Amino acid sequence: MSTHSQFQVDEVEPSYWKVTFTNGDINLYDPDSVEQLADLVTRIERAPDLTVVVFRSSNPDFFMAHWDLKSDMARVTAMRPGPTGLHPYADNLIRLSRVPAVTITSINGRARGAGSEFVLATDIRFAGPQAVLGQFEVGTGSVPGGNPMGRLTRLVGRGRAMEIILGADDFTAERAAEYGYVNRVLPAAELDGFVDSFAARIAGFDKAAVAQAKALIDASAKVPDEESAASIETFFRTAGRPENADRLRRLFERGLQRPDGAELDLGRRVAERA
């Protein structure tokens with residue numbers, strides 16, 4: 001197992017934490033990420049005074065690129081279920097979405113696939129002008145595993161969820177805000193300051209009032225665990241099938257998982273047929 005800490009926690013004060021994700025050239029999400037996020041979510045759940053957590057990236061171009069498509073899938077499928085009884089990838093996102101603390105993502109880079117699923121599991125999403133979001137999995141022959149189908153449908157509506165997931169294209173920050181994928185777009189020079197001020201504002205409020213108001217909002221738009229179970233199970237059934245090997249081979253030849261290759265315009269690249 002890697003000893004590198006991908007989620008670096010800055011306890012600004014007992015009520016306010018900042019978490020910075022850092023993992024390689026493009027911030028891929030991998031099996032170590034799954035295990036480390038599980039520990040972090042437990043830590044957040046158990047922090048008695050914690051009211052708000054901000055998630056950000058160490059890489060200005062990649063918030064969290066996507067799942068590492070070169071991961072050891074035998075290791076992934078063998079992972080033990082988390083507290084919800086589901087695979088830990090799904091378990092982490094469910095538990096993250098339900099922590100009593102308010103969770104905020106500050107996105108000014110690419111967040112596709114697993115990265116998109118991560119930000120969708122947080123409560124509030126603010127984006128800089130260079131943010132790019134998307135669910136490209138269908139373009140590679142698989143179904144997303146982190147239940148963006150359920151979360152996006154509740155956020156943006158059925159038709160737009162279909163557009164995002166079935167179209168497998170990139171969404172600019174402006175279009176994402178127009179759709180409701182993110183809350184709003186801030187100028188690059190203002191993003192960090194705005195998010196910090198907003199988070200500090202909430203951190204100064206009564207924790208019980210914040211947590212109970214969040215719980216009531218969640219109850220009105222509940223995402224059942226069964227949806228997440230179906231999503232991760234379908235991902236495992238559809239990912240890595242031999243009939244899609246050529247698609248992935250072409251993407252890797254064009255620079256998939258490299259900072260200067262297909263990652264820069266992945267939405268266009270997944271639609272290329274030759």
Side-chain angles (χ1 to χ4, degrees), residues 12 15-21 27 44 50-57 59-65 93-94 96-135 144 146-165 169-205 209-223:
V12 179
S15 62
Y16 176 20
W17 293 2
K18 293 181 181 178
V19 179
T20 304
F21 182 68
N27 271 359
I44 291 170
L50 185 59
T51 307
V52 61
V53 182
V54 168
F55 291 96
R56 56 188 186 174
S57 167
N59 188 325
D61 297 318
F62 295 92
F63 175 87
M64 187 182 285
L93 298 179
I94 291 171
L96 177 62
S97 74
R98 295 177 182 169
V99 295
V102 175
T103 54
I104 302 169
T105 37
S106 178
I107 313 158
N108 197 22
R110 294 160 179 83
R112 302 181 179 109
S116 168
E117 292 165 1
F118 179 91
V119 304
L120 286 170
T122 63
D123 299 320
I124 301 169
R125 292 157 294 283
F126 295 119
Q130 302 306 312
V132 176
L133 295 96
Q135 297 286 164
N147 194 26
M149 289 73 66
R151 296 194 188 280
L152 277 170
T153 299
R154 289 168 175 83
L155 277 174
V156 307
R158 181 178 180 273
R160 285 176 168 172
M162 291 274 193
E163 179 185 350
I164 294 166
I165 292 167
D169 206 350
D170 289 339
F171 282 74
T172 64
E174 291 77 9
R175 182 56 54 85
E178 176 190 345
Y179 278 24
Y181 202 158
V182 299
N183 286 63
R184 68 169 93 174
V185 183
L186 282 302
E190 299 176 16
L191 177 63
D192 288 344
F194 174 87
V195 172
D196 183 63
S197 295
F198 182 76
R201 176 185 175 88
I202 296 175
F205 296 153
V210 170
Q212 291 177 40
K214 172 181 169 173
L216 290 169
I217 293 169
D218 286 344
S220 70
K222 184 175 176 59
V223 179

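Each residue takes its place number in the sequence, starting with 1. Remember, predicted model here, so these are calculated numbers, not experimental data. All heavy atoms count here, side chains included; hydrogens, waters and symmetry mates do not.
- Residues Arg98 and Val223 come closest through the heavy atom pair NH2-O, 3.3 Å.
- In terms of heavy atoms, Asn27 sits closest to Phe62 at ND2-O, 3.1 Å.
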Donor-acceptor list for residues 125-134 side chains, cut-off 3.5 Å, not counting sequence neighbours:
residue, atom, partner, partner atom, Å
Arg125, NE, Tyr181, O, 3.0
Arg125, NH1, Val119, O, 3.2
Arg125, NH1, Thr122, O, 2.7

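- Of all heavy-atom pairs between Pro144 and Gln135, the closest is CB-NE2, 3.9 Å.
- Looking only at distances, no side-chain donor or acceptor of Asn183 sits under 3.5 Å from a matching main-chain atom of Ile124.
- A distance of 7.0 Å separates CD of Glu163 from CZ of Arg175, quoted to the nearest 0.5 Å.
- Using modelled atom types, no side-chain atom of Thr20 and backbone atom of Ser57 make a donor-acceptor pair closer than 3.5 Å.
- With hydrogens and angles ignored, the 3.5 Å screen pairs no side-chain donor or acceptor of Arg151 with any backbone N or O of Asn147.
- Note: Phe171 and Tyr179 meet the aromatic proximity criterion, with ring centroids under 6.0 Å apart.
- Shown here for Val52 and Ala199, the closest heavy-atom pair between the two residues is CG1-O, 3.3 Å.
- Judged by distance alone, with hydrogens and angles left aside, the side-chain atoms of Ser97 form a donor-acceptor pair with the main-chain N or O of Ile94 at under 3.5 Å.
- What you find for Val156 and Gly180 is that their closest heavy atoms are CG1-C, 3.8 Å.
- The main-chain N or O of Val195 is never found under 3.5 Å from a side-chain atom of Ser106 such that the two would form a donor-acceptor pair.
- Ring centroid separation for the pair Phe55 and Phe63 does not come in under the 6.0 Å cut-off.
- In this structure, Lys214 contributes its side chain and Ala101 its backbone to a donor-acceptor pair below 3.5 Å.
- Between the side chain of Glu117 and the main chain of Gly146, a donor-acceptor pair closer than 3.5 Å is present.
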